[in-house]
Amino acid sequence: MTTASHATLDEIIELIKEVKPGIADQAVTADQSVVEDLGLDSLDLLQLSRRITRQFGADFDLDSWNAEADDHHRSVASIAAAVAAGNHA
């Protein structure tokens, strides 16, 4: 298990692709929105949150993250940054 402080963008992208297999062959970038660009719905986000918890040992608070969506536009990078910073543990 990787700790939250060692979360990388690539690891988050791999988890997103596990949750949404339809984008497995698609190039995913840090600035893409997981909702608008990649098509994750609320159940996908819940599953992603659980995978983050298992892999990094930290809870990812979807409610807090969604509340800050105006600032980060639900980007892939915002998830990686929140996990790495431990802000949502």
Side-chain angles (χ1 to χ4, degrees):
M1 173 178 20
T2 304
T3 63
S5 62
H6 293 100
T8 67
L9 186 62
D10 289 338
E11 289 173 309
I12 297 299
I13 289 171
E14 285 306 311
L15 290 177
I16 291 168
K17 288 182 175 187
E18 288 175 14
V19 167
K20 196 75 168 175
I23 64 168
D25 296 331
Q26 180 178 331
V28 175
T29 62
D31 62 334
Q32 286 181 296
S33 167
V34 294
V35 176
E36 286 82 15
D37 298 325
L38 302 177
L40 274 71
D41 61 23
S42 60
L43 294 177
D44 294 329
L45 290 172
L46 182 58
Q47 188 177 24
L48 178 62
S49 172
R50 289 181 177 165
R51 287 177 188 242
I52 288 170
T53 298
R54 279 196 303 265
Q55 181 151 343
F56 302 110
D59 289 330
F60 182 72
D61 186 343
L62 287 175
D63 292 332
S64 285
W65 181 74
N66 274 320
E68 299 166 358
D70 286 344
D71 296 328
H72 58 63
H73 308 288
R74 296 184 179 99
S75 70
V76 174
S78 70
I79 296 172
V83 173
N87 289 340
H88 294 87

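If you read the sequence from its start, that first residue is 1, and numbering goes on from there.
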**Complete:** Rounding to 0.5 Å, atoms CD (Q47) and OG (S42) come to a distance of 11.5 Å
**Asked** Looking only at heavy atoms, what is the nearest atom pair of L9 and A80, with distance?
**Response** CD1-CB, 4.0 Å
**Prompt:** Are the side chain of S64 and the backbone N or O of D61 linked by a donor-acceptor pair below 3.5 Å?
**Reply:** no
**From CZ (F60) to CZ (R50), nearest 0.5 Å** = 14.5 Å
**Complete:** Looking only at heavy atoms, the pair that brings E11 and F56 closest together is OE1-CE2, 3.8 Å
**Request:** Please determine, by modelled atom types, if T29 and D31 share a side-chain donor-acceptor pair under 3.5 angstrom.
**Result:** yes
**Request:** Please report the shortest heavy-atom distance between K20 and D44, naming the atom on each side.
**Result:** NZ-OD2, 3.2 Å
**Fill in**
Shortest non-hydrogen pair, R74 vs V35, comes out as CD-CG2, 3.4 Å
**Complete:** Taken to the nearest 0.5 Å, the spacing of Q32 CD from I13 CD1 works out to 8.0 Å
**Request:** Please report the shortest heavy-atom distance between A30 and S75, naming the atom on each side.
**Result:** O-CB, 3.6 Å
**Complete:** When every non-hydrogen atom of E36 is compared with those of H73, the smallest separation belongs to OE1-O, 4.2 Å
**Message:** Strictly distance-based, threshold 3.5 Å: is any side-chain N or O of H72 a donor or acceptor partner for the main-chain N or O of I79?
**Reply:** no
**Prompt:** Is the backbone N or O of D25 less than 3.5 Å from a side-chain atom of K17, with the two atoms forming a donor-acceptor pair by type?
**Reply:** no
